[in-house]
Colleague: 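I have a structure I would like to understand better, so I am pasting it below and will then ask my questions one at a time.
Fair warning: this is a prediction, and the values are worked out from it, not measured in the lab. We're numbering straight along the sequence, starting at 1.
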Amino acid sequence: KDIRTTDIINNIDDNVDIIESGNKITIKKALMKADIITLSTGLNEILYKLENEQSEDYVMYEYVDELMQDIKKLLIIIRRYCKEDIIVLGYYNPFINKVLKNEEKVDNIIKYANLKLLEITKEEDAYYVDLYTLLKNNRKVFTSVSSYYPNIEGYKLISKQIIDLIEEKIVSASKTI
């Protein structure tokens with residue numbers, strides 16, 4: 001089931017049970033216990049809207065703005081329960097191997113969403129991982145034309161970016177304090 005950003009907000013507000021290490025725990029308790037949070041949300045929502053609605057460009061930009069308000073709200077809620085570092089993953093363009101009639105429009109919307117997401121991470125004291133640049137010229141990581149998701153090589157690149165950020169910004173910063 002696809003989970004939207006607002007679903008995550010509602011799950012936290014409702015304090016739903018989740019499974020952590022095989023045990024049932026409330027989501028708020030999990031957030032309080034977390035050593036670090038990585039957050040990837042919004043890309044499926046943007047891509048779904050792009051593929052399923054033939055709307056004017058300004059409508060897509062308004063949609064991204066609304067989504068960013070939801071993401072900002074989500075970060076504020078997460079911060080209420082988790083005082084540790086938050087890493088937010090930016091958006092990549094999964095249509096790199098597809099020929100799209102509106103390829104430039106899609107790319108511009110994803111870049112716009114990334115700019116907005118970067119602003120929010122700065123405002124909310126979170127780290128931002130630029131997946132757009134990481135995956136933009138790497139056609140080998142999108143081998144399935146029927147999926148938005150990178151293959152294992154793509155996920156290895158993403159995890160390396162996250163680990164590098166943790167080592168460079170979080171671990172080294174805590175050693176100097």
Side-chain angles (χ1 to χ4, degrees), residues 1-9 11-12 16-25 27 30-31 33-52 60 64 67-68 70-71 74-75 78 82 84-118 120-121 126-174:
K1 175 186 172 208
D2 286 337
I3 297 178
R4 298 179 51 186
T5 303
T6 53
D7 296 327
I8 301 170
I9 292 168
N11 286 345
I12 296 171
V16 299
D17 289 334
I18 62 170
I19 304 298
E20 180 206 348
S21 302
N23 300 315
K24 193 184 278 191
I25 183 173
I27 196 165
L31 289 170
K33 288 177 53 179
D35 294 323
I36 195 166
I37 302 283
T38 56
L39 180 65
S40 176
T41 187
L43 181 61
N44 286 354
E45 294 167 71
I46 293 169
L47 298 178
Y48 178 84
K49 190 92 166 166
L50 279 167
E51 282 201 325
N52 293 295
M60 267 313 300
V64 168
L67 176 62
M68 292 303 131
D70 291 338
I71 291 172
L74 175 59
L75 284 170
I78 290 172
C82 179
E84 303 302 327
D85 293 299
I86 300 172
I87 299 172
V88 178
L89 303 183
Y91 305 125
Y92 55 85
N93 185 346
F95 301 118
I96 196 164
N97 284 339
K98 294 182 182 179
V99 177
L100 300 175
K101 61 181 181 235
N102 59 349
E103 187 174 338
E104 187 175 341
K105 171 186 171 180
V106 169
D107 207 53
N108 286 338
I109 289 168
I110 291 172
K111 287 193 268 188
Y112 176 78
N114 276 320
L115 284 173
K116 292 295 184 179
L117 192 59
L118 178 59
I120 291 168
T121 58
Y127 292 100
Y128 173 82
V129 176
D130 177 8
L131 298 185
Y132 180 87
T133 304
L134 177 70
L135 302 179
K136 180 168 177 37
N137 294 315
N138 195 338
R139 295 183 183 277
K140 294 179 195 159
V141 301
F142 296 103
T143 52
S144 172
V145 290
S146 62
S147 175
Y148 294 145
Y149 306 107
N151 58 26
I152 191 71
E153 294 308 313
Y155 281 115
K156 285 179 182 177
L157 287 172
I158 293 168
S159 65
K160 182 176 179 345
Q161 283 289 112
I162 295 168
I163 290 167
D164 288 351
L165 183 142
I166 291 169
E167 289 174 348
E168 292 170 19
K169 307 266 173 127
I170 298 171
V171 174
S172 64
S174 66

Colleague: Quick check for you: to the nearest 0.5 Å, what is the distance between K140 atom NZ and N151 atom CG?
Modeller: 11.0 Å
Colleague: Roughly how far, to the nearest 0.5 Å, is CD of E167 from NZ of K160?
Modeller: 8.0 Å
Colleague: Can you tell me if D7 uses its side chain to pair, donor with acceptor, with the backbone of I3 under 3.5 Å?
Modeller: no
Colleague: Evaluate the side-chain proximity of I25 to K33: yes if any heavy-atom separation is below 4.5 Å, no if none is.
Modeller: yes
Colleague: Check side-chain hydrogen bond (donor to acceptor under 3.5 Å, both in side chains) between T5 and all other residues, then give those that pass, not counting sequence neighbours.
Modeller: T41, E45
Colleague: Using only atom types and a distance under 3.5 Å, with no angle test, would you say the side chain of D164 pairs donor to acceptor with the backbone of Q161?
Modeller: no
Colleague: Roughly how far apart are Y91 OH and K116 NZ, rounded to 0.5 Å?
Modeller: 13.0 Å
Colleague: Does the pair Y149 and N44 meet the rule for a side chain to side chain contact (heavy atoms under 4.5 Å, CB included), with working shown?
Modeller: CA-CA 10 Å; Y149 306 107; N44 286 354; 2.9 Å; yes
Colleague: Can you check side chain to side chain contact (heavy atoms under 4.5 Å, CB included) on N138 and V141, steps first, answer last?
Modeller: CA-CA 6 Å; N138 195 338; V141 301; 3.7 Å; yes
Colleague: T133 side chain to D130 main-chain N or O, any donor-acceptor pair under 3.5 Å?
Modeller: no
Colleague: The test is side chain to side chain donor-acceptor pair (under 3.5 Å); show your working for N93 and Y148 and say whether it passes.
Modeller: CA-CA 8 Å; N93 185 346; Y148 294 145; over 6 Å; no
Colleague: Please tell me if the side chains of I86 and L75 come closer than 4.5 Å, counting only heavy atoms from C-beta onward.
Modeller: yes
Colleague: When rounded to the nearest 0.5 angstrom, what distance separates CD1 in I158 from CG in L134?
Modeller: 6.5 Å
Colleague: Which pair of non-hydrogen atoms, one from K24 and one from I19, has the smallest distance, and what is that distance?
Modeller: CA-CD1, 4.1 Å
Colleague: Which atom names give the shortest non-hydrogen contact between L135 and G154, and what distance separates them?
Modeller: CD2-O, 4.5 Å
Colleague: Is there side-chain contact between L47 and I110, with at least one heavy-atom pair below 4.5 Å?
Modeller: yes
Colleague: Check each of I87, L74, T121 against L39 using the side-chain contact (heavy atoms from CB on, under 4.5 Å) test, and report the only one that passes.
Modeller: L74
Colleague: Give the C-alpha distance, both sets of side-chain angles, the deciding distance and a yes or no for side chain to side chain contact (heavy atoms under 4.5 Å, CB included) between V129 and V88.
Modeller: CA-CA 6 Å; V129 176; V88 178; over 6 Å; no
Colleague: How long is the span from the CE atom in M60 to the CG atom in L50, to the nearest 0.5 Å?
Modeller: 4.0 Å
Colleague: Is there a side-chain contact between L117 and M68 in this structure, where contact means two heavy atoms from C-beta onward sitting under 4.5 Å apart?
Modeller: yes
Colleague: Working note: Y92 + F142, criterion ring pair (Phe, Tyr, Trp, His ring centres under 6.0 Å); need CA distance, chi angles, decisive distance, verdict.
Modeller: CA-CA 11 Å; Y92 55 85; F142 296 103; 5.3 Å; yes
Colleague: Mind running side chain to side chain donor-acceptor pair (under 3.5 Å) on Y128 and N114 for me, showing each step along the way?
Modeller: CA-CA 9 Å; Y128 173 82; N114 276 320; 2.9 Å; yes
Colleague: Going through the checks in order, is the side chain to side chain donor-acceptor pair (under 3.5 Å) test met by Y132 and D107?
Modeller: CA-CA 10 Å; Y132 180 87; D107 207 53; 2.5 Å; yes
Colleague: Check the pair D85, I37 against side chain to side chain contact (heavy atoms under 4.5 Å, CB included), reporting the backbone distance first and the verdict last.
Modeller: CA-CA 6 Å; D85 293 299; I37 302 283; over 6 Å; no
Colleague: Decide if atom OH of Y155 counts as having more than 12 heavy atoms of other residues, nucleotides or ligands within a radius under 6.0 Å.
Modeller: yes
Colleague: Starting at CD1 of I71, measure out to CD1 of I78 and round the result to the nearest 0.5 Å.
Modeller: 10.0 Å
Colleague: Quick one: closest heavy-atom pair of L67 and G42, and the distance?
Modeller: CD2-O, 3.6 Å
Colleague: Would you find a donor on one side and an acceptor on the other, under 3.5 Å apart, between the side chain of N11 and the backbone of I27?
Modeller: no
